[in-house]
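Residue numbering restarts at 1 for every chain, and letters A, B, ... go by the order of the sequence lines. Side-chain atoms are counted along with the backbone in the values below, which use heavy atoms only and exclude waters and symmetry mates.
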Number of protein chains: 2
Amino acid sequence: MRSACPLNFGLEQFGDKWSLLILRDMMFFDKRYYNEFLSSEEAISTNILADRLLMLEKEELITKQKDTGHKQRIRYSLTEKAIDLLPVILEIGLWSDKHAGKLITPEKAFFLVEVKKDRETGMKKITDKLRNDHIL
Amino acid sequence: MRSACPLNFGLEQFGDKWSLLILRDMMFFDKRYYNEFLSSEEAISTNILADRLLMLEKEELITKQKDTGHKQRIRYSLTEKAIDLLPVILEIGLWSDKHAGKLITPEKAFFLVEVKKDRETGMKKITDKLRNDHIL
DNA sequence: CAGGATCCCATAGGATACTG
DNA sequence: CAGTATCCTATGGGATCCTG
């Protein structure tokens with residue numbers, strides 16, 4: 001680790017260009033399976049996806065479960081630690097919404113709607129939804 | 001650009017392992033000069049620092065001024081666009097503070113004290129301070 | 001379907017020396 | 001003092017193919 005600074009710690013855990021996108025897919029697009037992550041617009045490649053899923057698991061941001069039943073499909077779930085990243089993701093989104101101009105489209109920013117109305121209650125609404133799924 | 005998603009936009013602007021650390025140095029350690037950035041604990045090297053300063057300037061997150069007077073020392077200042085990143089930086093810090101355990105030391109987390117007492121007023125207090133410096 | 005293996009290229013980044 | 005330049009290595013990452 002480069003330093004004991006909290007900002008640096010966070011950057012070392014998820015400060016690459018892919019980890020937060022995977023968590024976004026889980027949080028806002030309800031993706032849970034390998035091939036669902038592959039189909040995102042940003043087109044992550046298989047070796048990077050596999051690598052990041054391992055990293056996220058090691059950092060305890062996601063957990064793996066064998067799909068209940070006979071198939072060996074793996075389902076990924078968010079941990080509480082990952083759900084706690086929601087404010088980080090939303091603040092990045094809000095910043096971009098303010099400064100990106102026409103580079104981002106309203107449809108792509110749909111997940112900001114609730115927090116733009118009211119940060120606190122919007123945040124809570126999304127967190128509750130994620131926590132419910134988490135328990136399933 | 002990989003996509004028109006606001007999260008992705010932010011990640012492409014400052015989602016590397018150094019940019020936010022430089023902004024942190026400016027925001028919380030009042031660093032403004034090249035050699036001050038070099039002396040940070042994370043030990044950035046000269047080529048990376050020069051590169052990131054150019055990037056941050058191109059993205060309009062910092063501005064350069066020749067130091068008033070005869071010397072050709074360059075002073076870097078935060079733009080409003082960079083000051084708007086304060087919530088992002090603080091949320092990352094708060095998350096790490098919660099999840100890093102003993103890997104981060106209280107002294108390193110001093111810049112979280114105000115927001116931990118009260119997010120809204122703490123945020124405003126820091127923003128005001130940065131805006132004042134910005135005007136100098 | 002999940003993900004490992006391989007190949008190959010681009011970028012990141014450390015170390016050091018040099019320039020205006 | 002603020003970079004540039006150079007060299008070299010490590011990592012990131014795209015493409016493709018392979019395996020249990």
Side-chain angles (χ1 to χ4, degrees), chain A residues 1-3 5 7-8 11-23 25-26 29-59 61-78, chain B residues 1-3 5 8 11-26 29-59 61-78:
Chain A
M1 209 170 69
R2 295 180 297 186
S3 80
C5 167
L7 177 64
N8 183 61
L11 289 174
E12 296 203 358
Q13 290 247 329
F14 54 78
D16 68 282
K17 308 246 181 205
W18 291 110
S19 294
L20 288 185
L21 293 178
I22 295 173
L23 297 181
D25 282 350
M26 299 181 76
F29 296 93
D30 302 316
K31 299 187 178 183
R32 293 293 181 274
Y33 298 99
Y34 190 86
N35 65 332
E36 293 179 323
F37 300 129
L38 280 183
S39 70
S40 289
E41 193 183 358
E42 290 90 4
I44 192 170
S45 58
T46 64
N47 55 345
I48 304 299
L49 176 58
D51 178 78
R52 291 306 184 280
L53 289 173
L54 282 178
M55 280 186 48
L56 291 172
E57 190 191 12
K58 198 188 311 174
E59 296 168 355
L61 290 167
I62 60 174
T63 56
K64 295 182 186 182
Q65 301 94 32
K66 295 212 163 67
D67 219 28
T68 49
H70 38 309
K71 314 192 57 159
Q72 62 263 61
R73 201 183 186 199
I74 293 178
R75 180 187 158 95
Y76 297 93
S77 296
L78 294 165
Chain B
M1 210 171 68
R2 296 180 297 186
S3 78
C5 168
N8 183 61
L11 289 174
E12 295 203 358
Q13 290 247 328
F14 53 80
D16 68 283
K17 307 245 181 204
W18 290 110
S19 296
L20 288 185
L21 293 178
I22 295 173
L23 297 180
R24 172 206 64 183
D25 283 349
M26 300 181 74
F29 297 92
D30 301 316
K31 299 189 179 182
R32 293 292 181 274
Y33 298 98
Y34 189 87
N35 64 333
E36 294 179 323
F37 300 130
L38 280 183
S39 71
S40 287
E41 193 183 358
E42 289 90 3
I44 193 171
S45 57
T46 62
N47 54 347
I48 304 299
L49 176 58
D51 178 77
R52 290 307 184 280
L53 289 173
L54 283 178
M55 279 186 47
L56 291 172
E57 190 192 11
K58 198 188 311 175
E59 296 167 355
L61 290 168
I62 60 173
T63 56
K64 294 182 186 180
Q65 301 95 31
K66 295 212 163 69
D67 218 28
T68 49
H70 37 311
K71 315 191 56 159
Q72 63 264 60
R73 202 181 186 200
I74 292 177
R75 179 188 160 94
Y76 297 92
S77 295
L78 294 165

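An OP1 or OP2 oxygen of dG4(C) is reached within less than 4.0 angstrom by no side-chain nitrogen or oxygen of Tyr34(A). Residue Asn47(A) has no polar side-chain atom (N or O) positioned under 4.0 Å from OP1 or OP2 of dG3(C). Within the 4.0 Å cut-off from OP1 or OP2 of dG3(C), at least one side-chain nitrogen or oxygen of Lys64(A) is found.
Summarising the geometry, the separation between CG on Leu38(A) and P on dG13(D) is reported as 15 Å, rounded to the nearest angstrom. Atom P of nucleotide dG12(D) and atom CD of Glu12(A) are separated by 12 Å, given to the nearest angstrom. Look at CZ on Arg75(B): it is 16 Å from P on dC1(D), rounded to the nearest Å. In this entry the distance linking CD1 of Ile44(B) with C1' of dA12(C) reads 11 Å, nearest Å. Atom NZ of Lys66(B) is separated from atom P of dA2(D) by 13 Å (rounded to the nearest Å). Rounded to whole Å, atom C1' of dT4(D) lies 13 Å from atom CD1 of Ile74(B). Computed from coordinates, the Asp51(A) CG to dG4(C) C1' distance equals 12 Å when rounded to whole Å. The CG atom of Leu49(B) sits 15 Å away from the P atom of dA12(C) (whole-angstrom rounding).
Set against dG13(C), dG13(D), dA2(C), the side chain of Ser45(A) has dG13(D) as its closest nucleotide. Checked against dG12(D), dG13(C), dG3(C), the side chain of Arg52(A) finds its nearest nucleotide in dG12(D). In the set dG13(C), dA2(C), dG13(D), dG13(D) carries the atom at the smallest distance from any side-chain atom of Trp18(A). The side chain of Thr46(B) approaches dA5(D) more closely than any other nucleotide in the set dC1(D), dA5(D), dG14(C).
Put simply, the side chain of Tyr34(A) reaches to within 4.5 Å of the side chain of Leu49(A), judged on heavy atoms. With a 4.5 Å cut-off on side-chain heavy atoms, Ser39(B) and Lys31(B) count as touching.
Atoms CE and CD, on Met26(A) and Glu36(A) in that order, are 9.5 Å from each other to the nearest 0.5 Å. Rounded to the nearest 0.5 Å, atoms CD (Glu12(B)) and CG (Asn8(B)) are 4.5 Å apart.
Take the nearest nucleotide of DNA chain C for Tyr76(A) and for Arg2(A): the residue whose nucleotide is more 5' is Tyr76(A).
At the heavy-atom level, Phe37(B) lies nowhere under 4.0 Å from the strands shown. Looking at heavy-atom distances under 4.0 Å, Ile48(A) makes contact with a base.
Across all non-hydrogen atoms, the minimal contact from Ile44(B) to Phe37(B) is CG2-O, 3.9 Å.
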